[in-house]
**Student:** 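Pasting in a structure now, in C-alpha coordinates, and then I'll have a few things to ask.
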2 protein chains.
Amino acid sequence: MNRKCSNLPFLVLMQTSKAIHERIKDEIAKNNLGITEFSVLEVLYQKGKQTIQQIGNCILISSGSMTYVIDKLEKRGLLCRNACPDDRRVIHVTLTDAGNALMDEIMPKYHEFVNSMFDSLNSDEEETLVRLLKKVRDKV
Amino acid sequence: MNRKCSNLPFLVLMQTSKAIHERIKDEIAKNNLGITEFSVLEVLYQKGKQTIQQIGNCILISSGSMTYVIDKLEKRGLLCRNACPDDRRVIHVTLTDAGNALMDEIMPKYHEFVNSMFDSLNSDEEETLVRLLKKVRDKV
DNA sequence: TATGATTATCTCAGATTCAAGATAATTTAA
DNA sequence: TTAAATTATCTTGAATCTGAGATAATCATA
(Lines give C-alpha, C1' and ligand atoms only; values in the text may rest on other atoms or scores of the structure.)
Protein backbone atom coordinates (compact mmCIF):
# COMPACT_ATOMS: atom_id res chain seq x y z
CA MET A 1 0.00 0.00 0.00
CA ASN A 2 1.45 3.31 -1.08
CA ARG A 3 0.70 6.12 1.31
CA LYS A 4 3.65 8.27 0.28
CA CYS A 5 3.25 11.91 -0.51
CA SER A 6 2.14 12.84 -3.95
CA ASN A 7 3.45 14.69 -6.94
CA LEU A 8 6.52 16.81 -6.17
CA PRO A 9 5.82 19.68 -8.59
CA PHE A 10 2.35 19.90 -7.06
CA LEU A 11 3.65 20.04 -3.51
CA VAL A 12 6.31 22.64 -4.22
CA LEU A 13 3.93 24.76 -6.27
CA MET A 14 1.33 24.83 -3.52
CA GLN A 15 3.91 25.45 -0.79
CA THR A 16 5.43 28.32 -2.72
CA SER A 17 2.17 30.03 -3.51
CA LYS A 18 0.99 29.62 0.06
CA ALA A 19 4.18 31.13 1.42
CA ILE A 20 3.87 34.06 -0.98
CA HIS A 21 0.23 34.53 -0.06
CA GLU A 22 1.08 34.66 3.63
CA ARG A 23 3.85 37.18 3.15
CA ILE A 24 1.66 39.44 1.04
CA LYS A 25 -1.15 39.17 3.56
CA ASP A 26 1.16 40.39 6.29
CA GLU A 27 2.52 43.16 4.10
CA ILE A 28 -0.93 44.42 3.19
CA ALA A 29 -2.16 44.13 6.76
CA LYS A 30 0.26 46.94 7.60
CA ASN A 31 -2.19 49.23 5.82
CA ASN A 32 -5.18 47.78 7.68
CA LEU A 33 -6.40 46.02 4.57
CA GLY A 34 -7.25 42.38 3.95
CA ILE A 35 -6.20 40.77 0.70
CA THR A 36 -9.75 40.88 -0.65
CA GLU A 37 -10.08 44.58 0.18
CA PHE A 38 -6.73 45.30 -1.38
CA SER A 39 -7.63 43.35 -4.49
CA VAL A 40 -10.78 45.42 -4.97
CA LEU A 41 -8.83 48.66 -4.61
CA GLU A 42 -6.15 47.35 -6.97
CA VAL A 43 -8.68 46.58 -9.71
CA LEU A 44 -10.21 50.04 -9.38
CA TYR A 45 -6.80 51.68 -9.31
CA GLN A 46 -5.70 49.92 -12.47
CA LYS A 47 -8.92 50.00 -14.43
CA GLY A 48 -10.86 52.97 -13.09
CA LYS A 49 -14.63 52.82 -12.76
CA GLN A 50 -15.98 49.27 -12.68
CA THR A 51 -19.27 47.60 -11.88
CA ILE A 52 -19.49 45.42 -8.80
CA GLN A 53 -19.82 42.43 -11.05
CA GLN A 54 -16.72 43.29 -13.04
CA ILE A 55 -14.67 43.54 -9.88
CA GLY A 56 -16.07 40.25 -8.64
CA ASN A 57 -15.12 38.54 -11.87
CA CYS A 58 -11.58 39.87 -11.62
CA ILE A 59 -10.93 38.71 -8.09
CA LEU A 60 -13.19 35.65 -8.12
CA ILE A 61 -15.34 36.01 -5.05
CA SER A 62 -19.08 35.57 -4.62
CA SER A 63 -21.61 38.35 -4.99
CA GLY A 64 -22.37 38.16 -1.27
CA SER A 65 -18.74 38.80 -0.45
CA MET A 66 -18.63 41.67 -2.94
CA THR A 67 -21.45 43.47 -1.18
CA TYR A 68 -19.69 42.94 2.12
CA VAL A 69 -16.28 44.15 1.04
CA ILE A 70 -17.61 47.11 -0.96
CA ASP A 71 -19.63 48.13 2.10
CA LYS A 72 -16.55 48.12 4.27
CA LEU A 73 -14.42 50.09 1.86
CA GLU A 74 -17.24 52.56 1.28
CA LYS A 75 -17.73 53.15 5.01
CA ARG A 76 -14.02 53.78 5.23
CA GLY A 77 -14.30 56.40 2.49
CA LEU A 78 -11.95 54.67 0.05
CA LEU A 79 -14.49 54.15 -2.73
CA CYS A 80 -18.03 55.13 -3.60
CA ARG A 81 -21.03 53.54 -5.27
CA ASN A 82 -22.79 55.34 -8.09
CA ALA A 83 -25.99 54.31 -9.80
CA CYS A 84 -25.61 53.56 -13.49
CA PRO A 85 -27.99 55.79 -15.47
CA ASP A 86 -28.34 53.33 -18.36
CA ASP A 87 -29.15 50.24 -16.34
CA ARG A 88 -30.65 50.61 -12.94
CA ARG A 89 -29.62 47.15 -11.86
CA VAL A 90 -25.98 48.14 -12.14
CA ILE A 91 -23.82 50.00 -9.65
CA HIS A 92 -20.57 51.65 -10.65
CA VAL A 93 -17.74 51.79 -8.17
CA THR A 94 -14.87 54.27 -8.20
CA LEU A 95 -12.05 55.16 -5.88
CA THR A 96 -12.47 58.35 -3.90
CA ASP A 97 -9.61 60.84 -3.69
CA ALA A 98 -8.69 59.25 -0.40
CA GLY A 99 -8.70 55.84 -2.05
CA ASN A 100 -6.50 57.02 -4.86
CA ALA A 101 -4.12 58.71 -2.46
CA LEU A 102 -3.85 55.55 -0.40
CA MET A 103 -3.12 53.44 -3.45
CA ASP A 104 -0.57 55.96 -4.74
CA GLU A 105 1.23 55.37 -1.49
CA ILE A 106 0.82 51.61 -1.23
CA MET A 107 1.31 50.38 -4.78
CA PRO A 108 4.96 51.25 -5.37
CA LYS A 109 5.92 49.51 -2.16
CA TYR A 110 3.74 46.57 -3.06
CA HIS A 111 5.30 46.15 -6.49
CA GLU A 112 8.75 46.37 -5.05
CA PHE A 113 7.81 43.77 -2.47
CA VAL A 114 6.51 41.36 -5.09
CA ASN A 115 9.53 41.86 -7.29
CA SER A 116 11.87 41.20 -4.41
CA MET A 117 10.33 37.77 -3.93
CA PHE A 118 11.24 36.81 -7.48
CA ASP A 119 14.59 38.49 -7.89
CA SER A 120 16.49 35.26 -7.37
CA LEU A 121 15.43 34.34 -10.90
CA ASN A 122 17.16 35.80 -13.95
CA SER A 123 15.03 36.72 -16.92
CA ASP A 124 15.57 33.39 -18.69
CA GLU A 125 14.42 31.57 -15.61
CA GLU A 126 11.42 33.85 -15.26
CA GLU A 127 10.45 33.12 -18.80
CA THR A 128 10.81 29.38 -18.31
CA LEU A 129 8.82 29.46 -15.11
CA VAL A 130 6.01 31.37 -16.77
CA ARG A 131 5.97 29.00 -19.71
CA LEU A 132 5.80 25.87 -17.55
CA LEU A 133 3.19 27.33 -15.21
CA LYS A 134 1.01 28.34 -18.12
CA LYS A 135 1.26 24.84 -19.48
CA VAL A 136 -0.07 23.55 -16.18
CA ARG A 137 -2.66 26.29 -15.74
CA ASP A 138 -4.15 25.80 -19.17
CA LYS A 139 -4.59 22.12 -18.51
CA VAL A 140 -6.20 22.54 -15.08
CA MET B 1 2.11 57.02 -13.25
CA ASN B 2 2.46 53.29 -13.72
CA ARG B 3 -0.65 51.40 -12.74
CA LYS B 4 0.05 48.38 -14.91
CA CYS B 5 -0.16 44.92 -13.52
CA SER B 6 2.82 43.58 -11.70
CA ASN B 7 5.31 40.82 -12.07
CA LEU B 8 4.26 38.19 -14.62
CA PRO B 9 5.77 35.13 -12.91
CA PHE B 10 3.97 36.21 -9.76
CA LEU B 11 0.62 36.56 -11.49
CA VAL B 12 0.83 33.26 -13.33
CA LEU B 13 2.03 31.43 -10.24
CA MET B 14 -0.85 32.71 -8.13
CA GLN B 15 -3.42 32.08 -10.86
CA THR B 16 -2.19 28.55 -11.36
CA SER B 17 -2.15 27.63 -7.70
CA LYS B 18 -5.58 29.15 -7.19
CA ALA B 19 -7.01 27.21 -10.10
CA ILE B 20 -5.52 23.99 -8.77
CA HIS B 21 -6.82 24.72 -5.30
CA GLU B 22 -10.35 25.24 -6.63
CA ARG B 23 -10.30 22.05 -8.65
CA ILE B 24 -9.07 20.02 -5.70
CA LYS B 25 -11.67 21.59 -3.44
CA ASP B 26 -14.41 20.51 -5.80
CA GLU B 27 -12.93 17.04 -6.16
CA ILE B 28 -12.70 16.53 -2.40
CA ALA B 29 -16.16 17.99 -1.84
CA LYS B 30 -17.52 14.94 -3.65
CA ASN B 31 -16.65 13.00 -0.50
CA ASN B 32 -18.31 15.58 1.76
CA LEU B 33 -14.95 16.80 3.02
CA GLY B 34 -13.44 20.25 3.10
CA ILE B 35 -9.78 20.72 2.23
CA THR B 36 -8.83 21.20 5.88
CA GLU B 37 -10.66 18.05 6.90
CA PHE B 38 -9.06 16.12 4.07
CA SER B 39 -5.63 17.42 5.00
CA VAL B 40 -6.02 16.18 8.56
CA LEU B 41 -7.07 12.75 7.35
CA GLU B 42 -4.22 12.69 4.86
CA VAL B 43 -1.62 13.40 7.53
CA LEU B 44 -3.01 10.65 9.74
CA TYR B 45 -3.22 8.25 6.81
CA GLN B 46 0.39 8.84 5.85
CA LYS B 47 1.95 9.12 9.28
CA GLY B 48 -0.33 7.15 11.58
CA LYS B 49 -0.92 8.35 15.14
CA GLN B 50 -0.15 12.04 15.61
CA THR B 51 -0.75 14.61 18.29
CA ILE B 52 -3.11 17.47 17.55
CA GLN B 53 -0.17 19.81 17.55
CA GLN B 54 1.77 17.74 15.04
CA ILE B 55 -1.14 17.75 12.66
CA GLY B 56 -1.55 21.50 13.07
CA ASN B 57 2.11 22.04 12.28
CA CYS B 58 1.81 19.94 9.14
CA ILE B 59 -1.16 21.71 7.70
CA LEU B 60 -0.49 25.14 9.20
CA ILE B 61 -3.72 26.09 10.89
CA SER B 62 -4.35 27.55 14.32
CA SER B 63 -5.01 25.51 17.44
CA GLY B 64 -8.57 26.83 17.57
CA SER B 65 -9.24 25.55 14.08
CA MET B 66 -7.63 22.21 14.96
CA THR B 67 -10.08 21.67 17.82
CA TYR B 68 -12.93 22.52 15.49
CA VAL B 69 -11.92 20.24 12.64
CA ILE B 70 -10.94 17.32 14.89
CA ASP B 71 -14.33 17.65 16.61
CA LYS B 72 -16.12 17.39 13.31
CA LEU B 73 -14.16 14.41 12.08
CA GLU B 74 -14.52 12.67 15.43
CA LYS B 75 -18.31 13.15 15.47
CA ARG B 76 -18.35 11.67 12.01
CA GLY B 77 -16.49 8.63 13.27
CA LEU B 78 -13.45 9.03 10.99
CA LEU B 79 -10.88 9.51 13.74
CA CYS B 80 -10.63 9.29 17.51
CA ARG B 81 -8.88 11.16 20.30
CA ASN B 82 -6.81 9.22 22.84
CA ALA B 83 -5.19 10.61 25.96
CA CYS B 84 -1.41 10.32 26.00
CA PRO B 85 -0.34 8.37 29.09
CA ASP B 86 3.07 10.04 29.30
CA ASP B 87 1.92 13.66 29.07
CA ARG B 88 -1.59 14.49 30.06
CA ARG B 89 -1.59 17.75 28.14
CA VAL B 90 -1.27 15.81 24.91
CA ILE B 91 -3.96 14.12 22.86
CA HIS B 92 -3.17 11.50 20.26
CA VAL B 93 -5.33 11.23 17.19
CA THR B 94 -5.71 8.16 14.99
CA LEU B 95 -7.92 7.16 12.12
CA THR B 96 -10.74 4.77 12.93
CA ASP B 97 -11.36 1.76 10.71
CA ALA B 98 -14.00 3.81 8.95
CA GLY B 99 -11.48 6.63 8.45
CA ASN B 100 -8.91 4.24 7.03
CA ALA B 101 -11.45 2.65 4.76
CA LEU B 102 -12.55 6.03 3.47
CA MET B 103 -8.97 7.07 2.75
CA ASP B 104 -8.21 3.75 1.08
CA GLU B 105 -11.00 4.61 -1.28
CA ILE B 106 -10.25 8.31 -1.77
CA MET B 107 -6.47 8.49 -1.98
CA PRO B 108 -5.83 6.56 -5.21
CA LYS B 109 -8.36 8.73 -7.03
CA TYR B 110 -6.89 11.83 -5.45
CA HIS B 111 -3.34 10.98 -6.52
CA GLU B 112 -4.48 10.22 -10.00
CA PHE B 113 -6.34 13.51 -10.10
CA VAL B 114 -3.29 15.51 -9.01
CA ASN B 115 -1.06 13.70 -11.46
CA SER B 116 -3.44 14.40 -14.29
CA MET B 117 -3.12 18.14 -13.69
CA PHE B 118 0.62 17.96 -14.24
CA ASP B 119 0.86 15.39 -17.00
CA SER B 120 1.37 18.03 -19.67
CA LEU B 121 4.94 18.34 -18.35
CA ASN B 122 7.61 15.81 -19.23
CA SER B 123 10.06 14.80 -16.53
CA ASP B 124 12.67 17.38 -17.57
CA GLU B 125 10.10 20.10 -17.34
CA GLU B 126 8.89 18.85 -13.97
CA GLU B 127 12.41 18.94 -12.68
CA THR B 128 12.97 22.47 -13.98
CA LEU B 129 9.69 23.67 -12.53
CA VAL B 130 10.54 22.25 -9.13
CA ARG B 131 14.01 23.77 -9.21
CA LEU B 132 12.75 27.25 -10.08
CA LEU B 133 9.90 27.14 -7.59
CA LYS B 134 12.24 26.06 -4.83
CA LYS B 135 14.50 28.96 -5.69
CA VAL B 136 11.57 31.31 -5.19
CA ARG B 137 10.19 29.54 -2.14
CA ASP B 138 13.49 29.58 -0.31
CA LYS B 139 13.79 33.29 -0.84
CA VAL B 140 10.26 34.13 0.29
C1' DT C 1 -47.27 44.26 -25.28
C1' DA C 2 -47.08 40.55 -22.07
C1' DT C 3 -44.50 36.82 -20.25
C1' DG C 4 -40.62 34.24 -19.15
C1' DA C 5 -35.70 34.20 -18.80
C1' DT C 6 -31.71 36.50 -17.46
C1' DT C 7 -28.92 39.75 -14.91
C1' DA C 8 -27.09 42.66 -10.98
C1' DT C 9 -27.14 43.37 -6.45
C1' DC C 10 -28.36 42.53 -1.77
C1' DT C 11 -29.74 39.72 2.45
C1' DC C 12 -29.23 36.16 5.54
C1' DA C 13 -27.83 31.86 7.68
C1' DG C 14 -24.24 28.78 8.17
C1' DA C 15 -19.38 27.39 7.80
C1' DT C 16 -14.65 28.22 8.65
C1' DT C 17 -10.87 30.65 10.28
C1' DC C 18 -7.96 33.18 13.59
C1' DA C 19 -6.54 35.70 17.83
C1' DA C 20 -6.67 36.09 22.52
C1' DG C 21 -7.34 34.20 26.59
C1' DA C 22 -8.51 30.13 29.86
C1' DT C 23 -7.21 25.81 31.74
C1' DA C 24 -4.39 22.27 32.99
C1' DA C 25 -0.10 19.82 32.84
C1' DT C 26 4.88 19.71 32.55
C1' DT C 27 9.56 21.48 32.78
C1' DT C 28 13.14 24.51 34.51
C1' DA C 29 15.81 26.51 37.81
C1' DA C 30 16.54 29.00 42.02
C1' DT D 1 10.45 21.92 46.84
C1' DT D 2 8.37 25.70 44.85
C1' DA D 3 7.62 29.51 41.67
C1' DA D 4 7.94 30.82 37.03
C1' DA D 5 7.96 29.69 32.36
C1' DT D 6 6.47 26.83 28.81
C1' DT D 7 3.42 23.73 26.42
C1' DA D 8 -0.96 21.49 24.59
C1' DT D 9 -5.53 21.91 24.10
C1' DC D 10 -9.91 24.12 24.37
C1' DT D 11 -13.22 28.19 24.50
C1' DT D 12 -15.06 32.32 22.88
C1' DG D 13 -15.95 36.16 19.89
C1' DA D 14 -15.15 38.55 15.76
C1' DA D 15 -14.16 38.50 10.89
C1' DT D 16 -14.80 36.76 6.36
C1' DC D 17 -16.59 33.79 2.89
C1' DT D 18 -20.13 31.04 0.45
C1' DG D 19 -24.64 29.55 -1.23
C1' DA D 20 -29.42 30.03 -1.52
C1' DG D 21 -32.85 32.90 -2.10
C1' DA D 22 -35.06 37.77 -2.51
C1' DT D 23 -35.65 41.86 -5.11
C1' DA D 24 -35.70 44.66 -8.89
C1' DA D 25 -34.53 45.76 -13.52
C1' DT D 26 -33.75 44.50 -18.27
C1' DC D 27 -33.95 41.58 -22.38
C1' DA D 28 -36.00 38.38 -25.74
C1' DT D 29 -39.72 36.84 -28.25
C1' DA D 30 -44.13 35.20 -29.41
Side-chain angles (χ1 to χ4, degrees), chain A residues 18-19 21-41 43-44 49-76 78-94, chain B residues 18-19 21-41 43-44 49-76 78-94:
Chain A
K18 180 158 189 171
H21 193 268
E22 287 302 306
R23 291 268 281 140
I24 288 182
K25 202 179 93 180
D26 294 344
E27 186 68 16
I28 288 176
K30 292 178 185 169
N31 304 102
N32 289 308
L33 291 169
I35 287 202
T36 305
E37 294 168 315
F38 175 75
S39 300
V40 168
L41 298 177
V43 170
L44 292 171
K49 184 171 70 181
Q50 297 281 293
T51 69
I52 289 179
Q53 176 122 68
Q54 286 174 319
I55 302 170
N57 289 340
C58 280
I59 67 178
L60 300 178
I61 65 172
S62 66
S63 67
S65 299
M66 279 307 300
T67 299
Y68 174 72
V69 68
I70 298 283
D71 277 353
K72 276 202 312 175
L73 292 169
E74 190 176 32
K75 276 174 196 147
R76 202 162 144 184
L78 297 174
L79 55 74
C80 55
R81 286 179 164 95
N82 296 105
C84 169
D86 302 328
D87 185 338
R88 286 191 295 171
R89 292 169 306 179
V90 173
I91 290 184
H92 289 304
V93 181
T94 50
Chain B
K18 180 158 189 170
H21 192 268
E22 286 305 305
R23 290 270 280 141
I24 287 182
K25 201 179 95 180
D26 294 344
E27 186 67 16
I28 288 177
K30 292 177 186 169
N31 305 102
N32 289 307
L33 290 170
I35 287 203
T36 305
E37 294 169 314
F38 174 74
S39 300
V40 168
L41 298 178
V43 169
L44 292 171
K49 185 171 68 180
Q50 297 280 294
T51 68
I52 289 179
Q53 177 123 69
Q54 285 174 319
I55 301 169
N57 289 340
C58 280
I59 66 178
L60 300 177
I61 65 171
S62 66
S63 67
S65 298
M66 279 306 301
T67 299
Y68 174 73
V69 67
I70 297 284
D71 277 353
K72 275 200 313 176
L73 293 169
E74 189 176 32
K75 276 172 195 147
R76 203 162 142 185
L78 297 174
L79 54 74
C80 55
R81 287 178 162 96
N82 296 105
C84 170
D86 301 329
D87 185 338
R88 286 193 294 171
R89 294 169 305 179
V90 173
I91 290 183
H92 289 304
V93 181
T94 51

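Computation of the quantities below employed the complete heavy-atom set of this structure, encompassing side-chain atoms and omitting hydrogens, waters and symmetry-equivalent molecules. Numbers restart at 1 for each chain; the letters A, B, ... are given by sequence-line order, proteins then strands.
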**Student:** Think B:K25 has a side-chain N or O under 4.0 angstrom from the OP1 or OP2 of D:dT18?
**Tutor:** no
**Student:** Round to a whole Å and report the spacing from CG of A:D71 to P of C:dC10.
**Tutor:**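 Whole-Å distance recorded here is 7 Å.
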**Student:** With nearest nucleotides of DNA chain D determined for B:H92 and A:V69 from heavy-atom distances, which residue corresponds to the more 5′ nucleotide?
**Tutor:** B:H92
**Student:** Is there side-chain contact between B:L73 and B:L41, with heavy atoms separated by less than 4.5 Å?
**Tutor:**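 Yes; the side chains approach each other to less than 4.5 Å.
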**Student:** Less than 4.5 Å apart, any side-chain heavy atom of B:C84 and any of B:T51?
**Tutor:** no
**Student:** Which nucleotide sits closest to the side chain of B:I52: D:dA15, C:dA15, D:dT9?
**Tutor:**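 Nearest listed nucleotide: D:dT9.
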**Student:** Looking at D:dT26, C:dT16, C:dT26, which one has an atom nearest to any side-chain atom of B:Y68?
**Tutor:** C:dT16
**Student:** Please pick, from C:dT26, C:dC18, D:dA25, the nucleotide with the shortest atom-to-atom distance to any side-chain atom of B:I61.
**Tutor:** C:dC18
**Student:** Can you find a donor-acceptor N/O pair under 3.5 angstrom joining the side chain of A:S63 to the base of C:dC10?
**Tutor:** yes
**Student:** In whole angstrom, give the distance that lies between atom CG of B:D87 and atom P of D:dT9.
**Tutor:**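 The answer, rounded to whole Å, is 9 Å.
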**Student:** In whole angstrom, give the distance that lies between atom CD1 of A:I35 and atom P of C:dC18.
**Tutor:** 13 Å
**Student:** Need to verify one output field. Residue with the more 5' nearest nucleotide on DNA chain D, A:R88 or A:G34?
**Tutor:**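 Residue closer to the 5' terminus by nearest nucleotide: A:G34.
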**Student:** Can you tell me the distance, in whole Å, between the CD atom of B:Q53 and the C1' atom of C:dA25?
**Tutor:** 14 Å
**Student:** Under 3.5 Å, is there a donor-acceptor pair between the A:S65 and A:S62 side chains?
**Tutor:** yes
**Student:** Quick one: does B:L79's side chain get under 4.5 Å of B:T94's, heavy atoms only?
**Tutor:** no
**Student:** Report the nucleotide, chosen from D:dT9, D:dT18, C:dT17, that has the shortest atom-to-atom distance to any side-chain atom of A:S65.
**Tutor:** D:dT18
**Student:** Picking from D:dA15, C:dT9, D:dG19, which would you name as closest to the side chain of A:S62?
**Tutor:**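 From the listed options, D:dG19 comes nearest.
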**Student:** Of the candidate nucleotides D:dA8, C:dC18, C:dC10, which contains the atom at the shortest distance from the side chain of B:V90?
**Tutor:**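 It is D:dA8.
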**Student:** Could you pull out the closest heavy-atom pair between A:I59 and B:K18, with the gap in Å?
**Tutor:** O-NZ, 3.6 Å
**Student:** From C-beta outward on B:T67, which listed nucleotide comes closest to its side chain: D:dT11, D:dT18, C:dC10?
**Tutor:** D:dT11
**Student:** Hey, does the side chain of A:K72 come within less than 4.0 Å of D:dT16's phosphate (OP1/OP2), counting only N and O?
**Tutor:**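 Yes, A:K72 has a side-chain N/O under 4.0 Å of OP1/OP2 on D:dT16.
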**Student:** Need to verify one output field. Residue with the more 5' nearest nucleotide on DNA chain C, A:Q54 or B:M66?
**Tutor:**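 So the residue in question is A:Q54.
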**Student:** Output the single nucleotide from C:dT9, C:dA25, D:dC10 whose closest atom is nearest the side chain of B:R89.
**Tutor:** C:dA25
**Student:** Using OP1 and OP2 only, check whether a side-chain N or O of A:T36 sits under 4.0 Å from D:dT16.
**Tutor:** no
**Student:** Just how far, in rounded Å, is C1' of D:dC10 from CD1 of B:I55?
**Tutor:** 15 Å
**Student:** Is there a side-chain contact between A:I55 and A:V93 (heavy atoms, below 4.5 Å)?
**Tutor:**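 Counting from C-beta outward, A:I55 and A:V93 do come under 4.5 Å.
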**Student:** To the nearest Å, give me how far apart CD (A:Q50) and P (C:dA8) are.
**Tutor:**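 Rounded to whole Å, this separation is 13 Å.
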**Student:** Using Watson-Crick and G-U wobble pairs whose two distances are both under 3.5 Å, how do you write the pairing of DNA chain D as dot-bracket, with | for links to another strand?
**Tutor:** ||||||||||||||||||||||||||||||
**Student:** B:F38 CZ to C:dT16 C1': how many Å, rounded?
**Tutor:** 18 Å
**Student:** If I take atom CZ in residue A:R81 and atom C1' in nucleotide C:dC10, what distance separates them, rounded to the nearest angstrom?
**Tutor:** 9 Å
**Student:** Below 4.5 Å, heavy atoms only, C-beta onward: do B:L33 and B:R76 meet side chain to side chain?
**Tutor:** yes
**Student:** What pairs of residues pass the salt bridge (Lys or Arg N to Asp or Glu O under 4.0 Å) test when at least one of them lies in residues 62-73 of chain B, not counting sequence neighbours?
**Tutor:** B:E37-B:K72, B:D71-B:R81
